[in-house]
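Reminder, nothing fancy here: chain letters follow the sequence lines and each chain counts from 1. Only this structure's heavy atoms are used, side chains among them; waters, hydrogens and symmetry mates stay out. Remember, predicted model here, so these are calculated numbers, not experimental data.
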2 protein chains.
Amino acid sequence: MEKDKIDENILKESGLKNTKHRTTILEFLRDASQPVSAEQIYCDLKEKNVSINISTVYRTLETLIDKELILKHSVTNENKALFEYNNRVHKHYLVCMGCKKITSIENCPLHDYEKVLENNTGFRITGHKLDVYGYCPECQRKGIGKQNIED
Amino acid sequence: MEKDKIDENILKESGLKNTKHRTTILEFLRDASQPVSAEQIYCDLKEKNVSINISTVYRTLETLIDKELILKHSVTNENKALFEYNNRVHKHYLVCMGCKKITSIENCPLHDYEKVLENNTGFRITGHKLDVYGYCPECQRKGIGKQNIED
DNA sequence: TTAATTGCAAACACTTTGCACGCTA
DNA sequence: TAGCGTGCAAAGTGTTTGCAATTAA
């Protein structure tokens, strides 16, 4: 496992002090399989006997976002933010409306579209966010989301 | 102006009782030029001397969402929801990072992509949400968002 | 040593809920 | 009149902030 040591340099390179909480949270996000909430980070660290305060979690996340080491997402109809390690790969998300699991899609169909839009609108386009919604194979198997079951 | 009378039938057709607050909010959203927050609705109605409680605004919005008469959005880095009249046109949004103004785009480049994705992932795709970010012509003129001014 | 980071508690902003009263169908 | 809709106050969530103590560089 070469997993655990990488991050310390990343912090230095971004001009951040190297603290235990920062590396812990950054490693946690790097190893997470999908975007997670501040509370999930907090609880998970507690389970691992890492003593940390929820406000420190938020402050750390904010710092890491500023330095673009992580990304923040808002999901429609969820009132809490989700955070994800920024591995600098342009991604989109497939959100299951049944189990709420978020899968990432690395293929992006929109490269050319941004240029068309710049020409049509006069905006300087800096990025985009695409989320696709549906039901995953497992939820379909369970019958979740099979049209409207009833009202 | 034929603007003001349409909505009463819409409520009936959705199986909702016809109340003043519901028609007022629905008309307000129908006539809004962009998605608005619950508080904006509340304040705007107060200015027009409509007496309403903020909890009624939220409850009404929830009801209208259930009946799909309106849509709810979450914008990244904003911690409040925005609501919009559902005119049943598939739309995307162009969000200005400078002035935060939201412009809608009625052209959708993703029709075919959803089918590709269904084949690749096994998901049953029910919809998608695309937001494009950038700087509007006016903000560019003012020099807002001209790369990084400094760090 | 010095400034940045943290914990704690308290404050905040947005949203939801319980209950009694009021109004639509 | 029966039951849904509303106002009010209070509680919930998720997030932020002030301040004193702690820690990294």
Notebook entry, point to check: How long is the line joining CD of A:Glu78 and C1' of D:dT13, in whole Å?
Noted result: 13 Å
Next item on the list: For the helix from C:dT1-D:dA25 to C:dA25-D:dT1, figure out the bend between the end axes, five pairs an end, and round to 10 degrees.
Entry: 40°
Notebook entry, point to check: Want to settle it: does B:Arg22 or A:Glu62 sit nearer the 5' end of DNA chain D, counting the closest nucleotide to each?
Noted result: B:Arg22
Distance-only donor-acceptor hits, side chain of residues 37-44 of chain A, under 3.5 Å, sequence neighbours excluded:
{"from": "A:Ser37", "atom 1": "OG", "to": "A:Gln40", "atom 2": "N", "distance (Å)": "3.1"}
{"from": "A:Ser37", "atom 1": "OG", "to": "A:Gln40", "atom 2": "OE1", "distance (Å)": "3.2"}
{"from": "A:Gln40", "atom 1": "OE1", "to": "A:Ser37", "atom 2": "N", "distance (Å)": "2.8"}
{"from": "A:Tyr42", "atom 1": "OH", "to": "A:Lys46", "atom 2": "NZ", "distance (Å)": "3.1"}

Check: Do side-chain atoms of A:Ser74 reach the backbone of A:Ala81 as a donor and acceptor pair under 3.5 angstrom?
Finding: no
Checklist line | Atom-to-atom span, NZ of A:Lys80 to C1' of C:dA13 - whole angstrom | finding: 17 Å
Note to self: On DNA chain D, does the nearest nucleotide to B:Thr63 precede the nearest nucleotide to A:Asn79 from the 5' side, or the other way round? Give the residue.
What the structure shows: B:Thr63
Note to self: Ignoring hydrogens, what is the shortest heavy-atom contact between A:Pro137 and B:Thr121? Give both atom names and the distance.
What the structure shows: CG-O, 3.6 Å
Notebook entry, point to check: Should we count CD of A:Glu138 as having more than 12 external heavy atoms under 6.0 Å?
Noted result: no
Next item on the list: Whole angstrom is fine here: how far is it from NE2 in B:His73 over to P in C:dC14?
Entry: 18 Å
Without placing hydrogens or testing angles, list every side-chain donor-acceptor pair under 3.5 Å for residues 103-110 of chain B, not counting sequence neighbours.
none

Notebook entry, point to check: Taking all atoms of both residues into account, what is the closest heavy-atom pair of B:Leu29 and B:Phe83, and its distance?
Noted result: CD2-O, 3.7 Å
Notebook entry, point to check: Hey, is the side chain of A:His21 poking within less than 4.0 Å of OP1 or OP2 on C:dT6, counting only N and O atoms?
Noted result: no
Next item on the list: Heavy atoms only: give me the nearest A:Val57-A:Ile25 pair and the separation to one decimal.
Entry: CA-CD1, 4.1 Å
Check: Starting at OH of B:Tyr58 and ending at P of D:dC8, how long is that distance when rounded to a whole Å?
Finding: 17 Å
Next item on the list: Mind running a 4.0 Å heavy-atom check of residues 38-55 of chain B against DNA chain C and sending the residues that fall below it, in number order?
Entry: B:Glu39, B:Ser55
Checklist line | Which atom of A:Phe28 lies closest to which atom of A:Lys48, heavy atoms considered | finding: CD1-NZ, 3.8 Å
Note to self: Could you work out, with side chain to side chain contact (heavy atoms under 4.5 Å, CB included) as the rule, every residue matching A:Glu114, not counting sequence neighbours?
What the structure shows: A:Ile125, A:His128
Polar atoms only, N or O, under 3.5 Å: list the protein pairs with nucleotides 19-25 of chain D and their distances.
{"from": "D:dA25", "atom 1": "OP1", "to": "A:Asn18", "atom 2": "N", "distance (Å)": "3.0"}

Checklist line | Value in whole Å for how far the C1' atom of C:dC14 lies from CZ of B:Phe83 | finding: 10 Å
Item checked: Considering all heavy atoms, the nearest B:Cys139-B:Cys96 contact -> SG-SG, 3.7 Å
Note to self: Below 30° counts as parallel, above 60° as perpendicular, anything between as tilted: where do the rings of A:His73 and A:Tyr93 land?
What the structure shows: perpendicular
Next item on the list: Round to the nearest Å and state the distance from B:Asp66 atom CG to D:dG5 atom P.
Entry: 11 Å
